[in-house]
Structures are given as C-alpha cells and as structure tokens.
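Please read the structure below before turning to the comments.
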Amino acid sequence: MSEVVVGKGGELLFCGSTCWDSVGRRKGLTEGNLVSPTRLRPLVGVDICFVAAGCASCHCVALDTEGRCYTWGRNEASVSCVLIFYFSFVLLSLCWNVKCVVALQKGQLGHGDKITRDRPTVVSELSKYKIIRAAAGKNHTVVVTDDGQSFAFGWNKHGQLGIGSAKNETELSPVRCAVTEVNTVACGADFTVWLTSVEGASILTAGLPQYGQLGHGTDNEYNTKDSSVRLAYEAQPRPRPIAAFSGETIVKVACGTNHTVAVDKNGYVYTWGFGGYGRLGHREQKDEFAPRRVDVFTRQNILPPDAIVSAGSVSSSCTAGGGQLYMWGKIKSTGDDSMYPKPLLDLSGWNLRCMDSGYMHHFVGADSSCISWGLAQCGELGYGPHGQKSSAVPKKVDILDGMHVISVACGFAHSMVVIDRTNVEDRLEQLDVYDGKASEEVGAEPVSESPVSQKVPKKASAKAPAKSNKRKKSKDISESEDEEEQNSDDESDDYEEQSNGRAKSSGRGRGKAAGKATAAKKGAGRGRGRPPAANKSSPPEGKVSTGKRGRPRKL
C-alpha cells in the first residue's frame with residue numbers, strides 16, 4: 001500500500017494497458033498499451049495526492065487535494081458460458097457450439113452504472129465528502145473520508161463491501177461501510193481490511209475467507225449440498241475485529257490477492273492467508289488462518305515508524321532497519337521462490353518513500369528517481385517503446401529520472417505515479433497526453449473472449465440409431481449446464497488464476513481437492529494451514545476422497 005505526503009499534490013502519470021474489457025482475458029494484445037509514463041487529459045493540471053489500484057484489479061482510483069475521488073477502468077466482469085444447440089434428423093445431425101461472454105454488472109467505479117470508462121471521472125455521490133484514502137479489489141472499491149467514515153461500491157457477493165449484508169450482490173453507487181473511526185483501508189481480490197482508532201479493534205476484515213485471509217482462524221468452508229462434495233465459503237459481510245490483535249494496535253496493512261501483511265505499533269510484522277510460493281514469509285507454503293509473526297523482523301530488525309509495506313499477488317515486501325527493502329514469495333518469474341524475507345541488495349542505500357506491487361511487477365519512489373522491475377506484458381514498467389519489456393532487477397524509469405515521486409500504485413497490468421511538479425513542469429509538458437475514449441465508445445466494444453465458433457459435424461450414417469443422438473444430446477447439454485454453473489460461480493476470467501499466482505488448472509471446481517490435484521501434478525504441495533483446534537484429517541496428496549468434505553451448511 002502506497003504512503004502519501006498529506007496535502008501535497010502532483011501530476012498523475014499512467015503506463016500499461018488501457019484495454020480494460022480485455023486485459024487479463026486475451027493474450028498478446030498490444031493495442032491501447034501505454035509503454036511510457038503518460039499524462040491523462042482529464043487530470044492534466046489536477047493536484048493528485050493519492051492513487052490506488054489492486055494487484056488483481058483492472059480499474060483505478062485517484063484522489064486530489066480537494067478530496068475528490070476519480071475512478072476509471074473496467075466496470076464489469078464477464079462470465080463465460082457455452083450454449084449448445086441441436087437440430088437432428090434420422091439422416092442429418094447438425095450441432096452449433098457457440099461460446100459467448102455474459103457481462104455481469106459490478107459497478108466498481110461507483111457511478112451508478114456498469115459502463116467501462118477510459119477517462120478519469122469524479123464519483124459524484126462522494127462529492128460532499130473529503131476522501132483521503134482508497135483501495136481497489138478485483139471488482140470492488142473502498143474509500144475513507146477525513147472524518148473516519150468508509151464507503152464502498154462494486155461486487156458484494158462475498159460481503160467484501162463490509163456493509164453488514166451480502167443480500168445485494170452489487171452496489172453500483174457508494175454505500176456506507178459498517179465501521180467507524182477509520183484511518184486507512186486495503187483490499188485483496190475479494191476481501192477488505194480496515195484500520196481504525198477504536199481501542200481493541202484496530203483492524204477489521206470482511207469478505208471471502210477461503211484461504212484464511214480474514215485472520216479469524218477459519219475459512220468458513222461448507223458443502224453446497226448434503227449430497228455434494230463441492231465446497232463453498234460462507235461470506236462475512238460485517239467487518240469483524242481480528243481477535244488475535246485485541247491487545248495490539250495495527251498501524252500498517254497491505255493485501256495481496258488472498259493474503260494480508262500487517263505491522264503493529266511495535267514494528268512487528270504479521271502475515272496470514274494464502275501461503276503459496278512462500279508469500280507469507282514463514283519458510284513454508286502452508287496457509288495461515290490467523291495472524292502469524294514473521295520471525296525475521298524481531299529483536300534488532302523491527303520496522304521503523306516510517307516503514308513501507310507492500311503486497312503483490314505472489315509476493316510481499318517491507319522496509320526494515322536502515323530503510324533496507326526485504327522481499328519474499330515469488331519475486332522472479334524464473335528460479336526458486338523466497339520462502340522468507342531477504343534483503344534486496346540492489347536497492348541498498350536508497351531512500352525509499354513509497355512502493356506498490358501488482359501481479360508480478362513493482363514500482364518504487366526513491367530519492368529523486370522512480371524505479372520499477374518485474375514481469376510485464378503491457379508496458380506497465382514504463383521503460384518506453386525502445387526499452388525492455390520486463391526486468392529481473394530494479395531499474396530506473398529513465399524518463400522520470402530526477403523527479404520526486406509522491407505516490408505510486410500498481411494494478412493487474414498498469415501502473416500509476418504521482419510526480420511533484422516543482423522544478424520539472426517543463427519536462428512534464430513534454431510527456432505524451434492520453435485523451436482516452438468516450439464512455440459510449442468503450443462500452444460499444446465487444447467483450448467476447450473469442451470469436452463465435454461453429455462446429456458442423458459430418459452427416460450421420462443412415463443406419464445410426466436415433467437413440468444414440470438423443471443420448472449424446474442429453475450428455476452434452478448436461479455437461480454444458482455443469483460448465484455454465486461452474487463458470488458463473490468462479491468467474492472464469494484468465495486473470496482470476498493468474499492473480500493468485502497459480503497456473504490455470506484444468507480441473508473444475510474451487511475446492512481444495514482441485515487445488516491439491518493441481519499441486520500434485522506440479523510436485524509442489526502447499527498444505528492448508530488448518531488451525532490447531534480443527535484436527536481434520538485429509539487424504540494423502542494425489543488421492544481423491546470419495547466421501548463428503550467440509551461442514552454442513554449453517555442454517
């Protein structure tokens with residue numbers, strides 16, 4: 001999560017993908033990629049003091065010094081479905097297999113509609129408040145006002161908006177969260193964390209508990225039906241204090257896709273949630289359902305008050321004694337993962353002021369430079385048309401050298417940087433300006449993942465019995481219904497799996513059996529990190545249990 005110099009504003013620069021309806025869904029797209037830091041026409045000259053994006057998000061949030069909130073980017077999510085039509089005769093069998101995408105309104109931009117916007121637009125319903133902090137999840141946004149209130153908008157299927165109910169799956173306009181005295185907020189893919197001034201409840205969480213990322217010691221798992229082994233996770237729509245921190249005061253927090261990093265007032269670091277690739281820093285890949293202290297940051301290496309904390313989809317990072325940056329998890333696209341925090345020596349001696357992490361890329365504001373590195377596909381590192389696409393080591397963004405960075409934010413495939421205009425206005429004037437498309441132009445673009453495909457089989461033999469066609473029709477329709485139901489629950493966007501740092505599984509379902517099967521194939525089991533009191537027994541890796549799993553659904 002990026003820190004901000006209160007009251008200081010600057011020029012917002014953007015780099016990365018602007019194909020909001022297709023980023024993360026189609027590979028190889030280059031149209032609409034801004035590979036150099038670029039000014040955005042609606043924000044030219046506007047004093048932006050804070051920017052927010054999430055490592056799984058494809059939308060942006062910017063706050064100006066007057067407290068106005070601007071949002072733009074994707075405003076819906078898509079669900080793939082397969083529609084199969086049959087037309088059969090005794091002598092002729094014709095089949096169409098049509099793949100389409102159904103757009104589901106999410107409203108993560110907060111404008112009361114589901115129109116994707118390419119241009120930053122003020123959230124009008126927040127105009128009477130002064131917004132000082134913001135955070136973005138995969139399909140939701142949460143903001144904080146100067147008087148300690150919090151508002152949220154977007155998808156609420158898992159209760160991630162924290163409004164006390166998940167009855168409405170979508171809130172297209174800002175609604176008040178059930179929290180008070182809020183200082184700051186952070187969002188994972190489908191959950192939210194608030195830090196407050198309330199004694200004994202300095203940190204509260206709401207949303208999806210699947211990997212323990214809420215920190216309450218459980219994943220709230222149950223079977224969807226008594227006769228089914230399919231798993232679901234009970235939503236937590238009301239923000240709830242983390243009991244493990246009842247006697248502590250949490251002062252900093254950052255969220256990855258499905259994990260959380262927090263720092264208390266004494267400088268100790270805690271992590272919990274999804275443990276794949278060692279992103280929790282505990283020398284193992286076990287999921288943690290409750291906060292666990294990272295042993296590296298103890299004794300003489302506790303975090304100072306001005307420390308920076310950041311979490312990407314597959315990694316975590318913070319600055320400790322002497323301003324040294326430590327990182328852990330999947331830091332590079334190749335090579336071994338870092339199972340515990342290790343110093344990033346390339347940035348030793350730099351005065352790091354702000355940092356944020358996206359899916360697999362990172363941005364840092366240090367001294368009078370802007371530094372970025374990681375795996376990139378859409379120009380989100382800002383190296384320019386003649387620069388390298390990705391970088392395994394930290395590298396200066398040359399065009400911004402000598403500029404003072406106020407705030408940074410990284411999304412799934414984009415980055416934002418706020419630059420202090422002092423003494424560099426002439427250089428900023430030379431940067432490109434992106435006009436963006438009008439809302440109606442963006443909304444008119446097709447969102448289908450792939451062209452409609454039609455498959456017409458050869459003519460059936462005259463001797464083929466009609467019953468075989470009926471059986472085939474029944475089987476295919478049944479399979480298509482299963483696939484549609486599964487996709488509608490899982491949101492089968494490509495970046496869903498990518499943002500959690502896992503290869504896309506060929507198996508269906510989001511239960512643990514599917515995850516273990518995938519891990520067994522890759523030869524890297526990660527465990528589930530059960531709480532000590534659970535005492536659950538699980539089948540060995542590679543074996544599939546035929547019995548029911550999970551708890552009965554609460555009535």
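As the structure is a prediction and not an experimental result, all values here were calculated from the model. Residues take their numbers from the sequence shown, with the count starting at 1.
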* Pair L208-Y233, side-chain contact (heavy atoms from CB on, under 4.5 Å): steps then yes or no -> CA-CA 7 Å; L208 179 68; Y233 303 88; 4.1 Å; yes

* To do: Just do the side-chain contact (heavy atoms from CB on, under 4.5 Å) check on L12 and V51 with the steps written out, would you?
  => CA-CA 8 Å; L12 185 145; V51 285; 3.3 Å; yes

* What do the steps show when you test T116 against D21 for side chain to side chain donor-acceptor pair (under 3.5 Å), and what is the final call? -> CA-CA 8 Å; T116 293; D21 285 330; 3.2 Å; yes

* Candidate pair W194 and S150, rule side chain to side chain donor-acceptor pair (under 3.5 Å), full reasoning -> CA-CA 9 Å; W194 292 266; S150 183; 3.0 Å; yes

* Let me see the working for Q210 and N220 under side-chain contact (heavy atoms from CB on, under 4.5 Å), right down to the final yes or no. => CA-CA 7 Å; Q210 181 175 358; N220 287 346; over 6 Å; no

* Can you list the steps and then say if V142 with C177 is a side-chain contact (heavy atoms from CB on, under 4.5 Å)? -> CA-CA 9 Å; V142 186; C177 304; 4.3 Å; yes

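Counting only distance, with no hydrogens or angles, the side chain of S228 and the backbone of K225 share no donor-acceptor pair below 3.5 Å. Here the side chain of N258 pairs no donor or acceptor atom with the backbone of F274 at under 3.5 angstrom. At distances below 3.5 Å, not a single donor-acceptor pair connects side-chain atoms of D219 with backbone N or O atoms of P209. With hydrogens and angles ignored, the 3.5 Å screen pairs a side-chain donor or acceptor of S316 with a backbone N or O of R279. Side-chain N or O atoms of T121 include one that pairs as donor or acceptor with a backbone N or O of R119 at under 3.5 Å. A distance-only check finds a donor-acceptor pair linking the side chain of N75 to the backbone of D113 [under 3.5 Å]. Not a single donor-acceptor pair under 3.5 Å links the side chain of R133 to the backbone N or O of V185. Between the side chain of S407 and the main chain of V418, no donor-acceptor pair closer than 3.5 Å is present.
Residues C60 and M416 have side chains in contact (heavy-atom distance under 4.5 Å, counting atoms from C-beta outward). Residues C69 and V61 form a side-chain contact, since some pair of their non-hydrogen atoms from C-beta on lies under 4.5 Å apart. Y129 places a side-chain heavy atom less than 4.5 Å from the side chain of F151. At a threshold of 4.5 Å between non-hydrogen side-chain atoms, the residues E171 and L161 count as touching. Side-chain contact check for S17 versus E380: every heavy-atom pair is 4.5 Å or farther apart. Between L63 and R68 there is no side-chain heavy-atom pair separated by less than 4.5 Å. Between V261 and V269 there is a side-chain heavy-atom pair separated by less than 4.5 Å. V263 has its side chain out of reach of Y268: every pair of non-hydrogen atoms, C-beta onward, lies at least 4.5 Å apart.
Defined by atom type and a distance below 3.5 Å, a donor-acceptor pair is missing between the side-chain atoms of E181 and T196. Remark: the T71 side chain and the H59 side chain contain no N/O donor-acceptor pair separated by less than 3.5 Å. Donor-acceptor pairing under 3.5 Å is recorded for the side chains of S357 and S310. Of the N and O atoms on the side chains of D118 and Y434, at least one donor lies less than 3.5 Å from an acceptor on the other residue.
Checked options Q160, Q213, R240, H216; the residue passing with T205 is H216 (criterion: side chain to side chain donor-acceptor pair (under 3.5 Å)). T271 pairs with exactly one of E288, R293, H282 by the side chain to side chain donor-acceptor pair (under 3.5 Å) rule, that one being H282. The side chain to side chain donor-acceptor pair (under 3.5 Å) with H140 is formed by just one residue from the set T170, N156, T192, D190; it is T192.
Nearest heavy atoms, I242 versus P291: CG2-CG, 3.8 Å. A pairwise comparison of heavy atoms in W272 and A290 identifies CB-O, 3.5 Å as the closest pair. For the pair G137 and C187, the tightest heavy-atom approach, listed with the atom from each and the gap, is N-CB, 3.6 Å. Closest approach of G32 to C19, counting heavy atoms only: CA-SG, 4.0 Å. Residues S173 and E125 share a closest heavy-atom pair of OG-OE2, 3.3 Å. Shown here for H259 and A311, the closest heavy-atom pair between the two residues is NE2-CB, 3.9 Å.
Note on ring orientation: taking the six-membered ring where Trp is involved, the planes of F14 and W72 are tilted (angle from 30° to 60°). Aromatic ring orientation, H414 versus W20: perpendicular (interplanar angle above 60°, classes split at 30° and 60°).
Rounding to the nearest 0.5 angstrom, the gap separating the CG atom in N183 from the CG atom in L195 is 7.0 Å. Here CD of Q108 is found 10.0 Å from CG of L172. Values are rounded to the nearest 0.5 Å. Rounding to the nearest 0.5 Å gives a distance of 6.0 Å between NZ of K130 and CG of D146. Interatomic distance, CD of E221 versus CD of E234, reported as 12.0 Å (0.5 Å rounding). Between the CD1 atom in I115 and the CG atom in L109 there is a gap of 10.0 Å [rounded to 0.5 Å]. To the nearest 0.5 Å, atom OH of residue Y70 and atom CG of residue L43 are 6.5 Å apart.
The existence of a salt bridge linking R292 and E284 is confirmed by a sub-4.0 Å separation between a basic side-chain nitrogen and an acidic carboxylate oxygen.
Taking the six-membered ring for Trp and the full ring otherwise, the centers of Y211 and F289 sit at least 6.0 Å from each other. Between F191 and W155, a ring centre-to-centre spacing not shorter than 6.0 Å is recorded. Aromatic ring centres of F245 and Y270: separated by under 6.0 Å.
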